[in-house]
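Bear in mind that the values here come from a model prediction, so they are computed numbers and not experimental data. Protein chains get the first letters and strands the later ones, always in sequence-line order, with residue 1 at the start of each.
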There are 2 protein chains.
Amino acid sequence: MEDIDRKIVALLMRDGRMSYTDLGKSTGLSTSAVHQRVRRLEERGVIRGYAVVVDHEAVGLPLTAFISIKPIDPSQPDDSPDRLSGIPEIEACYSVAGDESYILKVRVGRPADLEDLLARIRSSANVTTRTTIVLSTPYENRPMTA
Amino acid sequence: MEDIDRKIVALLMRDGRMSYTDLGKSTGLSTSAVHQRVRRLEERGVIRGYAVVVDHEAVGLPLTAFISIKPIDPSQPDDSPDRLSGIPEIEACYSVAGDESYILKVRVGRPADLEDLLARIRSSANVTTRTTIVLSTPYENRPMTA
DNA sequence: ATCTTCCTGTCGATGTCCTCCACGGGTGCA
DNA sequence: TGCACCCGTGGAGGACATCGACAGGAAGAT
């Protein structure tokens with residue numbers, strides 16, 4: 001990927017609503033040229049989409065946790081991501097190396113909701129869980145540097 | 001927060017570049033009304049900003065890992081987030097309950113870069129590290145449901 | 001009950017920006 | 001040289017954001 005594309009992506013990570021006009025000014029290109037480049041980045045899948053960045057406390061989901069899961073019966077086929085994809089509290093699912101097989105990032109409103117969520121996860125995926133509560137988030141989703 | 005604000009936020013999590021006109025159609029409000037609500041959400045800090053969603057493999061950072069850190073000397077003041085904030089590979093930093101004090105999410109290009117990054121983290125923050133390599137990411141940053 | 005105030009909506013006007021099209025200058029190659 | 005391709009510029013139109021003026025409803029004070 002070219003240097004100028006990298007710069008465009010970095011700018012859009014900081015402000016995903018930046019206008020093509022301003023992107024052009026920041027990169028030394030014309031509006032149309034930037035537009036074309038962004039379109040190409042979207043087509044190639046480099047840019048997957050645009051999203052709003054939300055304060056989770058403000059939307060009523062102040063409690064974040066990481067849940068590591070391990071299958072109870074390792075001989076069974078492992079389709080945990082599919083089984084869990086219907087649970088909306090799960091924001092992310094990572095397949096990881098190590099003792100456990102997946103790490104889930106979840107957001108709920110209260111501790112009681114977490115308890116309920118854990119029960120659903122265990123029964124849906126037939127796994128044991130290990131939960132790490134997030135106390136605070138110094139930073140998250142930081143943009144790439146140019 | 002009201003129900004209609006929740007809906008607006010959910011829509012913007014799916015498409016952060018959705019026009020106010022379309023937001024209005026989807027919520028049954030006029031363009032201006034939606035515009036005002038979004039502005040209020042931004043002022044209140046519910047909407048923190050807008051960002052592009054990037055394919056990390058495509059931008060040359062295919063290797064993701066979680067690094068749990070623990071201070072070597074627990075009697076020292078714990079300012080790890082500040083000490084580490086200058087390291088661009090660190091995408092997120094969570095303060096967590098449990099044996100370790102922070103979990104970092106990092107992205108690098110190659111295993112060798114991870115080795116180098118770990119050395120920088122250990123020396124910058126005076127901590128021990130435990131690294132969990134991400135093999136694949138079934139999903140990530142999923143939008144809230146309505 | 002009436003008035004005031006605040007909140008939140010609609011409507012309309014204006015300026016900006018997105019979007020598309022035609023065109024031009026490099027570069028690689030037969 | 002001539003051709004094809006890529007990637008840039010510039011301009012025109014239409015859509016969209018943005019702002020101001022105004023209306024209606026809820027809550028509180030007199």
Where the side chain of A/S101 meets the backbone of A/I69, is there a donor-acceptor pair that is under 3.5 Å apart?
yes
In whole angstroms, how far is the P atom of C/dT16 from the CG atom of A/D22?
13 Å
Charged N-O contact under 4.0 Å between A/R44 and A/D5:
yes
Interface polar pairs with nucleotides 7-9 of chain C, N/O, under 3.5 angstrom:
unit_1, atom_1, unit_2, atom_2, d
C/dG9, OP1, B/R37, NE, 2.9
C/dG9, OP1, B/R37, NH2, 2.4
C/dG9, OP2, B/R37, NE, 3.4

Atom NE2 of A/H35 and atom C1' of D/dT9 are separated, to the nearest Å, by 15 Å
Within this structure, what is the CG-to-P distance between A/D15 and C/dC17, rounded to whole angstrom?
13 Å
A/D3 and A/K7 ion-paired at < 4.0 Å:
no
Between the axis at one end of the helix from C/dT19-D/dA12 to C/dA30-D/dT1 and the axis at the other (five pairs apiece), what's the angle to 10 degrees?
10°
Over how many whole Å does the gap from A/R44 atom CZ to D/dC7 atom C1' extend?
13 Å
Among D/dA17, C/dC20, C/dC18, the nucleotide that comes nearest once only the side chain of A/Y20 is considered:
C/dC18
Over all atoms of both residues, closest heavy-atom pair of A/I8 and A/V38
CG2-CG2, 3.9 Å
Under 3.5 Å, is there any donor-acceptor pair linking the side chain of A/S32 to the base of C/dC20?
yes
Show your reasoning for whether side-chain contact (heavy atoms from CB on, under 4.5 Å) applies to B/L118 and B/L114.
CA-CA 6 Å; B/L118 283 166; B/L114 183 58; 4.3 Å; yes
Let me know the distance between CE of B/M18 and P of D/dA15, rounded to the nearest Å.
18 Å
Distance under 6.0 Å and angle within 45° of the ring axis: does A/R17 meet both against B/Y20?
yes
